[in-house]
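Please read the structure below before turning to the comments.
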Amino acid sequence: MTMNLFNQFLSPTFLGLPLIAIALMAPCLLYPSPAPWWQSNRWMTLQNWFIGSFIKQIFSPINTKGHSWALLLATLMVFLITLNTLGLLPYTFTPTTQLSLNMAFAVPLWLATVIMGFRNSPTHALGHLLPEGTPTPLVPILIIIESISLLIRPLALGVRLTANLTAGHLLIQLVSSAAFSLLLSQTTAASLAVGLLLLLTILEIAVAMIQAYVFVLLLSLYLQENV
Amino acid sequence: MPQLNPAPWFLILVFSWLIFLALMPPKILTHQFPHEPSTLTAHKPKANSWTWAWQ
């Protein structure tokens, strides 16, 4: 039974061709580039407003040197939020449920912030490993703990996104299959399950957007520490 | 869990980064953020526009 439920996360292939490639292209295909004239249509204005306010929100606590990361983080945000929300449509595949993809983004970007920190100000970067005002006997153990927490960041980043989306999709499949199988025999129970499914779908839309935001926000915090 | 299947891991990494670096940034980069137009009577227009870092 469990094997059957997890089959939805199998990276889909058709005649040997990986279909995850088409799923990953979806964000590029859905957003037309803005035209050079000032008055644009509603969709462009909405996009522009979203990217602008997002950049403002994320980069106001970061100093000017870190603003060169604006394009990277804006692209990442648009990419993740599109992949997550598109995956909620029936019969679509969510690439962000794949641990490989999330780790592929988390590890290099986190490592980039750490390497930047160590190159630009190594003392300051090492100083993050010991909070101010620590009592002297606790210093060795706290450095070990802080180092572990530093090294676990990319793992947490990747697994957080994967687990949240996988769990959501799994729940939706469970509840919908329950509702479907109960439809004829116990209609009341099935209608309750459908109600639960509706609430779950609303939750999953929120989770999809929030998890994308959290991913990028945490990366911006790691950047802020090291810049 | 099929996500832990190591077979497509490297391909997924390569393809996702390819799209993330080559196809998406040009679309985001063409978004501009000009400053808001000030009124005729304003003596000093508050030009607080922002550009992508290296432009």
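Note that the structure is a prediction, hence the values are computed from the model and not measured. Convention: sequence-line order gives letters A, B, ...; per-chain numbering from 1.
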Assess whether side chain to side chain contact (heavy atoms under 4.5 Å, CB included) is satisfied between B:Leu13 and A:Ser100, documenting all intermediate values.
CA-CA 7 Å; B:Leu13 181 143; A:Ser100 47; over 6 Å; no
Given A:Leu76 and B:Met24, is the side chain to side chain contact (heavy atoms under 4.5 Å, CB included) satisfied, shown in steps?
CA-CA 9 Å; A:Leu76 190 64; B:Met24 294 226 50; over 6 Å; no
How far apart are the C-alpha atoms of B:Trp17 and A:Leu101, what are their side-chain angles, what is the distance that settles it, and do they pass the side chain to side chain contact (heavy atoms under 4.5 Å, CB included) test?
CA-CA 9 Å; B:Trp17 270 97; A:Leu101 194 132; over 6 Å; no
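Within the 4.5 angstrom heavy-atom criterion, only side-chain atoms of A:Pro108, from C-beta onward, approach chain B. For A:Pro18, no part lies under 4.5 angstrom from a heavy atom of chain B. Contact of A:Ile55 with chain B is made through the side chain alone, with heavy-atom distances under 4.5 Å. Heavy atoms closer than 4.5 Å to chain B are found in the side chain of A:Ile20, but not in its backbone.
Taken from CD1 in B:Ile12 to CD in A:Gln98, the straight-line distance is 5.0 Å, to the nearest 0.5 Å. With values rounded to the nearest 0.5 angstrom, B:His31 atom NE2 is found 13.0 Å from A:Trp49 atom CH2. Note: A:Ser53 OG to B:Phe33 CZ = 8.5 Å, rounded to the nearest 0.5 Å. The distance from atom OG1 of A:Thr75 to atom NZ of B:Lys27, rounded to the nearest 0.5 Å, is 12.0 Å.
For the options A:Gln47, A:His67, A:Lys56, heavy-atom pairs under 4.5 Å to chain B are most numerous at A:Gln47. Interface remark: of the candidates B:Leu11, B:Leu18, B:Leu21, B:Ile19, B:Ile19 forms the most heavy-atom pairs closer than 4.5 Å to chain A.
In this structure, the side chains of B:Ile28 and A:Tyr31 stay at 4.5 Å or more apart for every pair of heavy atoms.
For A:Ile145, the CD1 atom sits in a packed shell: over 12 heavy atoms of surrounding residues, nucleotides or ligands are nearer than 6.0 Å.
Remark: side-chain polar atoms of A:Asn48 are paired, donor with acceptor, to backbone N or O of B:Gln32 under 3.5 angstrom.
Below 30°, between 30° and 60°, or above 60°: for A:Phe105 and B:Phe20 the angle between ring planes is above 60°, a perpendicular geometry.
Heavy-atom minimum distance, B:Thr30 versus A:Pro34: OG1-CD, 3.1 Å.
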